[in-house]
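Data first, discussion second: the structure below is written as structure tokens.
All chains are named by letter (A, B, ...) in the order of the sequence lines, taking the proteins before the strands, and each is independently numbered beginning at 1.
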Number of protein chains: 2
Amino acid sequence: MFSRIDSRSPVPIYAQIADRVRVAVAAGELRGGDALPSVRALATSLRVNPATVVQAYRDLERDGIVEMRQGAGTFVSAMGAETRSRERTAAASRLVRQMLAEATRLGLTPADVRSALDRELPEEK
Amino acid sequence: MFSRIDSRSPVPIYAQIADRVRVAVAAGELRGGDALPSVRALATSLRVNPATVVQAYRDLERDGIVEMRQGAGTFVSAMGAETRSRERTAAASRLVRQMLAEATRLGLTPADVRSALDRELPEEK
DNA sequence: CCTAGTGTATCGGCACACCAATACACTTGC
DNA sequence: GCAAGTGTATTGGTGTGCCGATACACTAGG
């Protein structure tokens with residue numbers, strides 16, 4: 001599950017780890033209550049420092065994806081289906097708002113962004 | 001034109017300067033051949049180091065927005081209307097592609113992004 | 001020419017993100 | 001209880017982006 005970690009990538013290792021968990025949860029491979037690898041186990045497995053794994057897990061906890069219980073382990077938090085769906089739409093909105101702000105920063109209009117999205121996502125049903 | 005520069009902002013000063021020029025050019029306030037403030041003049045006006053202004057101008061030059069001529073000054077480069085329009089669409093595409101990459105990084109689908117954009121931009125004709 | 005004004009180049013400090021190392025505190029299971 | 005395994009906290013090293021300082025090279029105008 002954590003096979004591909006690139007230490008030379010510009011995206012930090014802790015982000016790569018957290019992203020793996022995110023997509024695994026989003027894809028349903030990990031469900032509420034499932035245990036994640038322990039900080040040490042994952043760290044030695046990835047040839048990485050435990051603190052790096054901790055940072056990844058803490059980010060996930062801040063976003064409500066997992067819960068860290070001292071002495072016990074780290075587990076993906078149980079979320080109802082509609083809560084999860086709401087989280088997805090909220091994340092998407094944050095992303096889009098941030099992009100729109102960047103667009104106006106560059107002198108682009110919302111219409112420019114919309115047509116660009118239509119261009120990048122042609123497969124529309 | 002450069003009245004509002006926030007040195008405590010997380011976005012770097014050189015980016016703030018470059019952005020000002022970008023929107024001024026996009027809005028038509030600056031046209032091809034117009035001279036920008038000299039590196040030193042703008043630097044002292046903003047209470048900023050000349051090298052910071054240089055970095056902003058170099059970024060603009062890399063993007064083809066301006067041309068720096070040693071000993072002469074910095075001028076916005078003359079671009080045909082269709083060239084400018086092509087630049088806009090290219091910039092918008094870059095932005096959207098980058099956002100889509102981030103979205104998949106978070107386990108979101110293109111459909112999530114599209115519906116989020118529809119939600120954020122309701123005024124559509 | 002040559003001076004004043006322009007961009008160019010290089011160095012250095014500062015802050016911060018990233019990550020390794022190490023010692024500490026807690027929970028579980030026997 | 002207590003040992004093994006878990007998360008927690010602190011410290012420090014390394015790299016890099018940001019920006020200030022200073023000296024250099026070129027171009028215009030008189």
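- Side-chain polar atoms of A/Asp118 and A/Ser115 form no donor-acceptor pair below 3.5 angstrom.
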Q: Do nucleotides 6-12 of chain C as a string where each nucleotide becomes B, S or -: B if the base has a protein heavy atom under 4.0 Å, S if just the sugar-phosphate does, - if no protein is that close.
A: BBB----

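- Contacts between residues 14-23 of chain B and DNA chain C, defined by a heavy-atom separation under 4.0 Å, are absent.
- A/Gln55 contributes no side-chain N or O that, together with a main-chain N or O of A/Tyr14, makes up a donor-acceptor pair within less than 3.5 Å.
- For A/Asp112 (side chain) and A/Thr109 (main-chain N/O), a donor-acceptor pair under 3.5 Å exists by modelled atom type.
- No side-chain donor-acceptor contact under 3.5 Å links A/Thr74 to the backbone of A/Leu36.
- Separating the CG atom of B/Asn49 from the P atom of C/dC14 is a distance of 15 Å, rounded to the nearest angstrom.
- From B/Leu46, atom CG reaches atom OG1 of B/Thr52 across 9.5 Å, with rounding to the nearest 0.5 Å.
- Here the P atom of nucleotide C/dC19 and the CD1 atom of A/Ile5 are 10 Å apart, to the nearest Å.
- Nearest nucleotide to the A/Thr52 side chain, out of C/dC19, D/dA21, D/dC18: C/dC19.
- Although no hydrogens or angles enter the test, the distance criterion places a donor-acceptor pair under 3.5 Å between the side chain of B/Arg88 and the main chain of A/Gly107.
- Regarding B/Phe75, its CZ atom lies at a distance of 9 Å from the P atom of D/dA28, rounded to whole Å.
- Using a distance-only test at 3.5 Å, with no hydrogens or angles considered, no donor-acceptor pair links the side chain of B/Asp63 to the main chain of B/Ile65.
- With rounding to whole Å, A/Leu46 atom CG is found 17 Å from C/dC18 atom P.
- With salt bridges taken as basic N to acidic carboxylate O contacts below 4.0 Å, one links B/Arg105 and B/Glu102.
- Nucleotide C/dC18 holds its P atom 19 Å from the CZ atom of A/Arg8, rounded to whole Å.
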